[in-house]
Peer 1: 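Take this structure, written in structure tokens, and hold onto it; I'll ask about it next.
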Number of protein chains: 2
Amino acid sequence: MLTSYNKEDKILLALDCIIFGFDKNDLNILLIKRDFEPEKGKLSLIGGFLKQSEHLDEAANRILFTLTGIQNVYMEQLYTFSKVDRDPGERTLSTAYYALINIEEHNEQLNQQFAAQWYSITEAPELIFDHNEMVDKAISRLRRRAISKPIGFELLPEKFTMKQLQKLYEAILDEKQDKRNFINKINSLDVLVKLNEKDMTSSRKGSFLYQFDKEKYDAKVRDGFTFKI
Amino acid sequence: MLTSYNKEDKILLALDCIIFGFDKNDLNILLIKRDFEPEKGKLSLIGGFLKQSEHLDEAANRILFTLTGIQNVYMEQLYTFSKVDRDPGERTLSTAYYALINIEEHNEQLNQQFAAQWYSITEAPELIFDHNEMVDKAISRLRRRAISKPIGFELLPEKFTMKQLQKLYEAILDEKQDKRNFINKINSLDVLVKLNEKDMTSSRKGSFLYQFDKEKYDAKVRDGFTFKI
DNA sequence: ACTATAAGTGTTAATTTTACATTTTCACAA
DNA sequence: TTGTGAAAATGTAAAATTAACACTTATAGT
């Protein structure tokens, strides 16, 4: 086929993944010590380059898997960063993706053979290039999403307590929630099932475990309900 | 400087601009008849290619200016589209940008020498490649933005009537608004100045003109107020 | 001066959001 | 066995916001 584009510039396109995990009280992100120049040894997001015949979504998953062993994670495209000198090594753009994962569930995958590690976002480690900017943008996107979609459940174990859910939302939104109002709100959404099981690790009384009911949620969305915390 | 990226693929990166304008009752977008292959003669967004040493934001403005004569428009990045066969001519990604402009104000710029024309989004013309998908995404972004930022004012003349503002929001949100509630809401935001002038073209009684007070708005935002229609 | 037409204006009910404190349960220690 | 400490569970009333709704006013043109 004839193409008319042959005098246009071709450019390196990187991808960087902001992987959020939640651990008791804190939002964490997965970072890696960069083992090649430039900026070798500094902390970086999980990143790599797009191949010629790859969809960005695929590339993001390939890169995540290659560097962490984690797979089958739903990632969402965040933004394409394009400052001319953003990478001192060579001119590259980078499309950032972000995802939420449940730390425990993926810790088997993320084992010793990978250099990636969890860092609390409250400690805000300094990253190479424009990666801090990427993280900031991801956090604000996460906040916006968290109040309009039940996105947070991805960060919790399958069974969780109301307290854990509340802590999670407090971490994402970075603000305290009133316990009773929070529980009432969640219950009114009617997308959780209360199990006949208690978590006994946090108190003598024990607290009931809940599960997110995806089918119920999907059905409600179909009927035009909007989730809003 | 030494670079370690030399075995990575380089890729063509296009940009496409979704330019919204508003005209009495309808949201419009600016489209162009494509004058080169592939898909020559079909309708397309305003598009072009990123150059090696250009920021995406710059490129979007350059492309818009080149194809329409319109300049100094604030465009926001929307999404990067990357289906492998999205352009049958050659493998390209495309980063979409969108902007809101005031049709009258830019019609002098957009003169005969340019092929770009306004099309109502309600007529939903069929576009090349994945451009319809881009437009859909831009519209939903626009809706989300419109209820949380006073973004709509960019689409109106400097002086406008409440009726025009209401029509605009009805077009963006695609739903009727109650006249009294709408006006009360807008007034309670307290970011408009009522002028001592009337627009006499639409009724015998005439209707007062208003102006958006950007300084007042910025000051309020600084004090932590959130605009929400 | 009459008429036709769009502009302009407020109130009440319904819903949602916020603030807030006591009782319950149970493991463990005495 | 009884008592104690610690977290879990629970409801209501006030405040704020949103939604529904219809008549009066101003004016140009006849």
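Only this structure's heavy atoms are used, side chains among them; waters, hydrogens and symmetry mates stay out. Predicted model only: the values in this text are computed from it and were never measured. Protein chains get the first letters and strands the later ones, always in sequence-line order, with residue 1 at the start of each.
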Peer 1: When B/Tyr97 is tested against each of B/Asp57, B/Asp16, B/Asn61 for side chain to side chain donor-acceptor pair (under 3.5 Å), which residue passes?
Peer 2: B/Asp57

Peer 1: Please say whether the positively charged group of B/Lys194, taken as NZ for Lys or CZ for Arg, lies over the ring of B/Tyr210, i.e. under 6.0 angstrom from the six-membered ring centre and within 45 degrees of the axis.
Peer 2: no

Peer 1: Nearest-Å distance, NZ (B/Lys198) to P (C/dA7)?
Peer 2: 10 Å

Peer 1: Would you please say whether a donor-acceptor pair under 3.5 Å links the side chains of B/Thr80 and A/Thr95?
Peer 2: no

Peer 1: Mind calculating the distance between CG (A/Asp178) and C1' (C/dA19) to the nearest angstrom?
Peer 2: 7 Å

Peer 1: Rounded to whole Å, please give me the gap between CZ in B/Arg180 and P in D/dT24.
Peer 2: 12 Å

Peer 1: From the list D/dC21, D/dT10, C/dA27, which nucleotide is the closest neighbour of the side chain of B/Asn181?
Peer 2: D/dC21

Peer 1: Rounded to whole angstrom units, what separation is found between the CD1 atom of B/Ile183 and the P atom of D/dC21?
Peer 2: 18 Å

Peer 1: Assess whether side chain to side chain contact (heavy atoms under 4.5 Å, CB included) is satisfied between B/Gln177 and B/Lys185, documenting all intermediate values.
Peer 2: CA-CA 11 Å; B/Gln177 303 288 315; B/Lys185 187 69 179 248; over 6 Å; no

Peer 1: Please determine whether a side-chain nitrogen or oxygen atom of A/Ser202 lies at a distance below 4.0 Å from atom OP1 or OP2 of D/dA6.
Peer 2: no

Peer 1: Applying a 4.0 Å non-hydrogen cut-off, can you work out what A/Lys185 is touching in the nucleic acid: base, sugar-phosphate, or nothing?
Peer 2: sugar-phosphate

Peer 1: Between A/Lys163 and B/Arg204, which residue's closest nucleotide on DNA chain D lies nearer the 5′ terminus?
Peer 2: A/Lys163

Peer 1: Is any NZ, NE, NH1 or NH2 atom of the basic residue among A/Arg86 and A/Glu133 found under 4.0 Å from an Asp or Glu carboxylate oxygen of the other?
Peer 2: no

Peer 1: Can you tell me the distance, in whole Å, between the CD atom of A/Gln177 and the P atom of C/dT17?
Peer 2: 13 Å

Peer 1: Could you state the CG-P distance from B/Asn187 to C/dA7, rounded to the nearest angstrom?
Peer 2: 15 Å

Peer 1: Measure from NZ on B/Lys179 to P on C/dG8 and round the result to the nearest Å.
Peer 2: 8 Å

Peer 1: Measure the distance from CE on B/Met200 to P on C/dA7 and round it to the nearest whole Å.
Peer 2: 11 Å

Peer 1: If the cut-off is 4.0 Å, is A/Ser207 near the phosphate of D/dA9, judged by side-chain N/O to OP1 or OP2?
Peer 2: no

Peer 1: It should be established whether A/Lys205 places a side-chain nitrogen or oxygen under 4.0 Å from OP1 or OP2 of nucleotide D/dA6.
Peer 2: no

